[in-house]
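Because the structure is predicted, anything quoted here is derived from the model rather than measured.
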Amino acid sequence: MTDRGVTRQPAGDLEPLLAYIRSERGFDFTGYKRPSLTRRITKRMQEKGFAGYDEYQAHLAENPDEFVSLFNTILINVTSFFRDELAWDFLREEIVPRLIEARTADEAIRVWSTGCATGEEAYSLAMVFAEALGEDAFRRRVKIYATDVDEHALAQGRRATYGEKAVSVVPEALRKRYFDRADGGFGFAQSLRRAVIFGRHDLVQDPPISRIDLLVSRNTLMYFDARTQEQILTNFHFALRDDGFLFLGKSKVMRRARAAVAGEPQLTPDGVGMVVRTAAFDTAPVAQLVVDRDGRLTLANAQARVLFGLAERDLGRPFKDLEVSFRPVELRSRIEEALGKGDSISLREIEWRTGADARFFDVQLAPLAVVTGEVVGVAIAFTDVTRHRRLQEALQESRLEMEGANEELQSTNEELETTNEELQSTNEELETTNEELQSANEELETMNAELQSTNEELETINNELHERSIELNEANAFLDAVLGSLEVGVIVVNGELEVESWNRGARELWGLNEEEVLGRHLLNLDIGLPAEQLRAPVRDALAAETNGAFDHVRLEAVNRRGHTLEFIVTLAPLRTAAGPPRRVILMMQPVAAAT
């Protein structure tokens, strides 16, 4: 890059590098002035030791962190609190009071600080408006949009913390009121910070913020070429309200523009008038078009270009080929009518829908005649009456709501009278009900005493049941112990031949645990006992008249070890205190081995 202290132009073409930066990081530097842009990129390349743009682009691809250093070099964030004190004094004393006076007490005030860098300018605006409105009204009404393309600078602005040197230029009274000591520096007041909204915005690529009352762009335009400046200023014009203010800095662009005008030949009075008329036409707050007799678009002011998306290349084109000729309203036949009649034509509240939004325009077509009386074209003006239309609709809705409210009020009054009578009757009923409740309360007290006595009896019965439950458990335990101590197999079945008891001897004989057989039908047990031969004896035992009526059945069976043995099965009916037997006890004992 350098040879004996002389800086050399980098090798290669800058444009591919700019295209790469735009595609990779979204930064579009194509509209920046080439000399200053080249100088800053060359400076960074010199620091890194690269001689060509291609070589540096490859370095960016391999080292994405280099983008941050490059952007910090290109985007020189020159800013401070209340920079150019005289300009801020004029803004504070002249512009802000006029702006506040033009708005109602509840109307929002929208401010846009472009190229805000690290936020000093945005917070300066916050202090000016807070002083003018008071902090409560400021928090309620003011929104300050602080935008830049440098995310690193925006992050600093969001933190709102500045060093002692940066804050030293703030007047002492404002510094005490709006800053607090924080992290070794000064932090802007948290209560006001929410009114300042930081966001990334590219003035060349992104659409402008709308309905702005004060637009501040003091460090931005100087970086762009003339064509890009014109595009940005057109966007600024679209962003500002009709009575909004544009606060610019002392850019080199403006100084060069004034010098160019001073160097031109002196204009005649007619020439001066033409310049003034052209400027007035272009800056008029109403969108205006001029179509000549041949049907070509001759003029379109700034509002019309923004509203209908027209460009310089559209001037001179056939008007019928442009979308504005039929949208939002068909104008071609109206232009012919105005040219033929020589009179103006007015179209009221023409609706134009763009997506979900609708706007309304009054369209005026006026023939243009020269001093000879010849009509040379038609001027078309589009006056936005959307707000007026909305107010009319709101007024109509309010009237309908008021009429409905009056009818509802009258109906409500009648209902109130009826309700009052009903309430009086209800009050009398409540008095009667109160007496009945008092009588019922006395009855409840008597019932409560009776319930208490019943509860004591139930408690006594519950104690007796508990004692009997203990006795029953002891009896069951005793029975289990008795059955378990018997060496013979014992099975107790109910009247449905379902197993209710199964002792240890039965388990040893047939190989099944008590849990496997309880509740199951005796004849369905998969054991070596031919239970079908016991069906009739069990039925007989259930029909027996006394507990002593034993029956003996001799049969062969296969025990759990697979041995065929001869068994004697003794069946004994088990009676309750009264009635026929409900259960049968089966006692099984092998008597000899079968062959």
Side-chain angles (χ1 to χ4, degrees), residues 100-110 129-130 132-144 189-195 197 210-211 213 241 348-362 384-470:
I100 294 173
E101 185 179 358
R103 303 289 179 262
T104 62
D106 295 327
E107 195 170 359
I109 297 174
R110 295 161 61 87
F129 277 95
L133 289 168
E135 293 188 22
D136 290 339
F138 172 82
R139 285 191 293 268
R140 190 177 69 254
R141 296 180 58 190
V142 178
K143 290 292 181 187
I144 299 174
Q190 184 69 38
S191 60
L192 304 184
R193 197 181 302 175
R194 286 188 292 272
I197 303 166
S210 61
R211 296 181 292 110
D213 297 287
R241 296 177 61 165
R348 299 296 181 188
E349 296 189 355
I350 300 301
E351 183 178 7
W352 186 17
R353 287 198 169 272
T354 54
D357 297 328
R359 299 173 69 179
F360 295 88
F361 293 89
D362 283 353
D384 192 336
V385 294
T386 305
R387 186 178 181 186
H388 176 69
R389 174 65 178 262
R390 297 283 184 264
L391 290 173
Q392 283 185 326
E393 292 174 352
L395 179 60
Q396 183 63 23
E397 289 178 4
S398 298
R399 287 174 178 170
L400 294 175
E401 290 175 0
M402 185 176 296
E403 291 175 1
N406 285 333
E407 294 176 359
E408 290 179 3
L409 182 61
Q410 185 175 354
S411 175
T412 301
N413 285 333
E414 295 173 356
E415 291 176 1
L416 283 174
E417 292 178 1
T418 304
T419 302
N420 190 43
E421 296 173 358
E422 293 175 354
L423 285 174
Q424 187 173 354
S425 174
T426 302
N427 187 49
E428 296 172 355
E429 293 176 0
L430 286 173
E431 291 179 358
T432 304
T433 303
N434 187 48
E435 295 176 358
E436 294 174 354
L437 286 173
Q438 187 172 354
S439 175
N441 188 48
E442 295 172 356
E443 293 177 1
L444 286 172
E445 290 178 357
T446 303
M447 290 177 63
N448 187 47
E450 294 175 355
L451 286 172
Q452 186 172 357
S453 175
T454 303
N455 188 49
E456 293 173 355
E457 294 177 2
L458 288 172
E459 189 173 350
T460 302
I461 293 171
N462 187 50
N463 292 335
E464 293 176 357
L465 287 174
H466 181 67
E467 293 175 359
R468 291 187 181 182
S469 178
I470 294 173

Are [X] and [Y] side-chain neighbours, meaning at least one heavy-atom pair lies under 4.5 Å?
X: L395; Y: L391; answer: no
X: F129; Y: I109; answer: yes
X: E450; Y: T446; answer: yes
X: R103; Y: I100; answer: no

Contacts of type side chain to side chain donor-acceptor pair (under 3.5 Å), residue [X], not counting sequence neighbours:
X: Q410; value: none
X: E349; value: R389
X: D384; value: R359, T386

How long is the gap from [atom1] on [X] to [atom2] on [Y], to the nearest 0.5 Å?
X: R468; Y: N463; atom1: CZ; atom2: CG; answer: 12.5 Å
X: R194; Y: I144; atom1: CZ; atom2: CD1; answer: 14.0 Å
X: T426; Y: E431; atom1: OG1; atom2: CD; answer: 11.5 Å
X: L133; Y: R140; atom1: CG; atom2: CZ; answer: 9.0 Å

Looking at E107, I want to see if its CD is surrounded by more than 12 non-hydrogen atoms of other residues, nucleotides or ligands under 6.0 Å. yes
With sequence neighbours left out, the residues meeting salt bridge (charged side-chain N to carboxylate O under 4.0 Å, His left out) with R141 are none
Under 3.5 Å, side chain of T460 to main-chain N/O of E456, donor-acceptor pair present? yes
Residues which pass side chain to side chain contact (heavy atoms under 4.5 Å, CB included) with E415, listed by chain and number, not counting sequence neighbours: S411
Identify, with sequence neighbours excluded, every residue that meets side chain to side chain contact (heavy atoms under 4.5 Å, CB included) alongside L400. Q396, E403
Using side-chain contact (heavy atoms from CB on, under 4.5 Å), reason through F138 and L192 one step at a time and then give a plain yes or no. CA-CA 8 Å; F138 172 82; L192 304 184; 3.7 Å; yes
